[in-house]
Amino acid sequence: MSITSAKRHTFTIIPRNQHPISRKKISENALKVLYRLNKAGYEAYLVGGGVRDLLLGKTPKDFDVTTNATPEQMRKLFRNCRLVGRRFRLAHIIFGPEIIEVSTFRGHYQGLEANKNKVESDLITSHDGMLLRDNNFGSIEEDAQRRDYSVNSLYYNISDCTLHDYTGGLKDLQEGTIRLIGEEPEKRYREDPVRMLRAVRFAAKLNMTLSKKTAEPLSRLAALLKNIPPVRLFKEALKLLQVGYATATYRLLCKYHLFQHLFPLISCHLTEDGNSYIEQMINRVLYNTDQLLRNDTQVNPAFLFASMLWYPLLLHANTLMKKKHLSYFDAFSLAINDVLQEQCRTLAIPKKITNLIREMWYFQTRLSHRHNVCIHTVIEGTEFHSAYNLLILRAEIENNSELLVLSHWWKKRILIDPSNKITIPTILNCNEDLICSHSRLIPHYDSI
Ligand code: ATP
Ligand code: MG
């Protein structure tokens, strides 16, 4: 059935027997929420990644629901409901570990006009055009236009199991195109610059292509990410790099000059040929992360950041040592503080994680001692396994015989203790008779 809406797109309703979404594939809790809303007389739809991924035959990461019930009405309807977000108010319906996110249909906002009579604290958009609040409720048709990408704007109606397409999302899904909704991509990115990160995330995850108009403004507007609170950017960074498509995502982030606004300490060292130690480390650690996730193995964000920032840390330590005439260890300690502080300006890495990163970095020096160490104390250290994996990565990247010997030595110690469940990547066979000198293992690189 096709109905032409007042908007530019053709509104299509796809009946139950013409789309593959089955209720069996929807989480029980999401169904409970949808039915409860419907029974109380509200409209209720599954929307977003849940619908998109089910149509692609993938397992959705989570299920998002949208309704014409307001957050306050939802609070009355669900005992297990928590209202969250100021900029974008939502209801979280909590079922133990599963949270169903329910949004109220968003309406159009009046843009700058609405700002005119407002005091500063009550502004709807910032001077850069960023939406400071998006709590203007409206109809489902308006809601569809307020979403980011057409493939994310498909609605599954629980009352008759039909699929509603207001923005051409189905065609884009079939053609593998990520298309920003609306005629003014720049305005949409300005409203919320995180949409730029979401564009590359979906392109990488779904193996799709950005439409020309969607891709064009990215490099030009990438700097708008500086307006995003670091806490939000940290969460986005994890979604970019720790969901199984990090390698492809990294390439796109670099291509559209977005990477430098997340990891300025790394990007300033990226080279033309892309083969420096820093780049080799990034490629390996992202590849390994993707592989682990593909095998359903948990990944550790502290390890990811510790590895990615390792060579920038060494370079900085080296500079400090020369400039301030410090001992290497003092320079290394100071550099750890500087690097973490600087990185947290763009991505607010929680303290719990920065502490682990610190520990992994200090562990690199502990692991370089083979004599007079209490092996058990080292092996039982909380971050030993991650630190050991970082040591191996370093050895392989630098093809450094001393590091290889050291990795091999620790590997043997771990194998002696069968209770140690460590995954040991294959490393080259190496000659253990080589002498390891501590000073050479934390190298003073002039260029990495
Ligand atoms: P994922 O698989 O990562 O959950 P998703 O598309 O479901 O992908 P969510 O962050 O869960 O992403 O958001 C749910 C839906 O809310 C999106 O599909 C999209 O329709 C809408 N949405 C989320 N963030 C934005 C945004 N910044 N601007 C506009 N719409 C957004
Ligand atoms: Mg989702």
Side-chain angles (χ1 to χ4, degrees), residues 25-27 29-30 33 45-67 84-85 87-93 98-109 125 129-136 138 140-156 163-170 172-173 178-182 184-208 214 221 224-225 227-229 232-233 235-246 249 293:
K25 296 273 164 82
I26 302 173
S27 102
N29 294 324
V33 172
Y45 297 83
L46 192 69
V47 69
V51 177
R52 180 196 67 216
D53 292 350
L54 286 177
L55 287 170
L56 291 171
K58 292 175 183 277
T59 308
K61 178 169 77 54
D62 51 34
F63 289 93
D64 305 293
V65 167
T66 186
T67 174
V84 297
R87 192 181 64 87
F88 193 91
R89 204 152 169 74
L90 290 170
H92 276 177
I93 318 292
E98 189 180 15
I99 295 178
I100 307 296
E101 209 165 78
V102 192
S103 62
T104 306
F105 298 148
R106 273 352 186 229
H108 292 300
Y109 75 100
T125 55
M130 192 160 85
L131 264 183
L132 301 177
R133 278 188 238 330
D134 193 359
N135 290 315
N136 198 19
I140 185 169
E141 289 83 358
E142 286 171 322
D143 187 84
Q145 304 298 328
R146 301 283 306 120
R147 291 185 178 267
D148 50 4
Y149 298 98
S150 63
V151 295
N152 288 346
S153 190
L154 293 160
Y155 297 72
Y156 174 82
L163 197 63
H164 292 203
D165 180 3
Y166 299 88
T167 60
L170 265 181
D172 284 337
L173 209 56
I178 302 293
R179 188 188 311 282
L180 198 55
I181 296 168
E184 298 171 276
E186 176 159 343
K187 180 167 165 253
R188 305 273 0 249
Y189 287 136
R190 283 186 180 280
E191 283 171 3
D192 183 3
V194 167
R195 288 175 186 153
M196 296 190 278
L197 299 177
R198 290 173 60 85
V200 299
R201 173 152 75 86
F202 296 127
K205 171 178 163 170
L206 307 171
N207 194 17
M208 290 188 177
T214 301
L221 301 180
L224 291 174
L225 287 174
N227 297 333
I228 304 298
R232 186 169 175 216
L233 277 191
K235 289 185 191 150
E236 289 301 323
L238 287 190
K239 291 189 205 164
L240 289 162
L241 302 179
Q242 293 219 298
V243 293
Y245 308 90
T249 306
L293 287 164

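Throughout, residue positions are numbered sequentially from 1 according to the sequence presented. Numbering of ligands and ligand atoms starts at 1, following listing order. The figures that follow rest on heavy atoms only: side chains count, while hydrogens, waters and symmetry mates do not.
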Enquirer: Consider every N or O of Arg52 and every N or O of ligand 1, then say whether any pair is closer than 3.5 Å.
Expert: yes
Enquirer: Hey, does Arg201 come in under 3.5 Å of ligand 1, counting only N/O atoms on both sides?
Expert: yes
Enquirer: Would you mind checking if Glu184 and Arg190 are paired as a salt bridge, meaning a charged N to carboxylate O distance below 4.0 Å?
Expert: no
Enquirer: To check your reading of the model: name the closest protein heavy atom to atom 5 (P) of ligand 1, its residue, and the distance in Å.
Expert: Gly49 N, 3.6 Å
Enquirer: If you define the side chain from C-beta out and look only at heavy atoms, does anything of Phe63 sit under 4.5 Å from Tyr156?
Expert: no
Enquirer: Under 3.5 Å between some N or O of ligand 1 and some N or O of Lys61?
Expert: yes
Enquirer: Indicate yes or no: at least one non-hydrogen side-chain atom of Tyr149 is less than 4.5 angstrom from one of Thr214.
Expert: yes
Enquirer: Non-hydrogen atoms of Lys205 versus ligand 1: any pair closer than 4.0 Å?
Expert: yes
Enquirer: For atom 13 (O) of ligand 1, state which one of Arg106, Arg198, Met196 supplies the nearest heavy atom.
Expert: Arg198
Enquirer: Backbone, side chain, both or neither: what part of Asp192 comes under 4.0 angstrom of ligand 1, heavy atoms only?
Expert: side chain
Enquirer: Quick one: the OD2 of Asp64, the Mg ion (ligand 2), OD1 of Asp62 angle, rounded to 10°, please.
Expert: 100°
Enquirer: Determine, for Arg147 against Asp64, whether the closest basic-nitrogen to carboxylate-oxygen distance falls under 4.0 angstrom.
Expert: no
Enquirer: At a non-hydrogen distance cut-off of under 4.0 Å, which region of Asp148 contacts ligand 1 (side chain, backbone, both, or neither)?
Expert: both
Enquirer: Quick one: do Lys205 and Asp53 make a salt bridge, cutoff under 4.0 Å?
Expert: yes
Enquirer: Specify side chain, backbone, both or neither for Asp62, according to which of its non-hydrogen atoms lie closer than 4.0 Å to ligand 1.
Expert: side chain
Enquirer: For residues Arg198 and Asn152, determine if any side-chain heavy atom of one lies less than 4.5 Å from a side-chain heavy atom of the other.
Expert: yes
Enquirer: Do Leu154 and Arg52 have side chains that approach each other closer than 4.5 Å (heavy atoms only, starting at C-beta)?
Expert: no
Enquirer: Measure Tyr149 to ligand 1 on non-hydrogen atoms and call it side chain, backbone, both or neither using the 4.0 Å cut-off.
Expert: neither
Enquirer: Where is the nearest protein heavy atom to atom 15 (C) of ligand 1: which residue, which atom, and how far?
Expert: Arg147 NH1, 3.6 Å
Enquirer: Just which atoms of ligand 1 are under 4.0 Å from any heavy atom in Phe202?
Expert: 6 (O), 8 (O)
Enquirer: For the pair Tyr166 and Tyr155, name the ring-plane relationship: parallel under 30°, tilted 30 to 60°, perpendicular over 60°.
Expert: perpendicular
Enquirer: Counting only heavy atoms, which portion of Arg146 has something under 4.0 Å from ligand 1: side chain, backbone, both, or neither?
Expert: backbone
Enquirer: Would you say Gly48 and ligand 1 have an N/O pair spaced under 3.5 Å apart?
Expert: no
Enquirer: Might you confirm whether atom CG of Asn207 has over 12 heavy atoms from other residues, nucleotides or ligands at distances under 6.0 Å?
Expert: no
Enquirer: Could you pull out the closest heavy-atom pair between His108 and Asn136, with the gap in Å?
Expert: O-ND2, 2.6 Å
Enquirer: How far is atom 26 (C) of ligand 1 from its nearest protein heavy atom, and which residue and atom is that?
Expert: Arg195 NE, 3.7 Å
Enquirer: Under 3.5 Å, is there a donor-acceptor pair between the side chain of Asp165 and the main chain of Leu170?
Expert: yes
Enquirer: For ligand 1, is there an atom lying under 4.0 Å from some heavy atom of Asp64?
Expert: yes
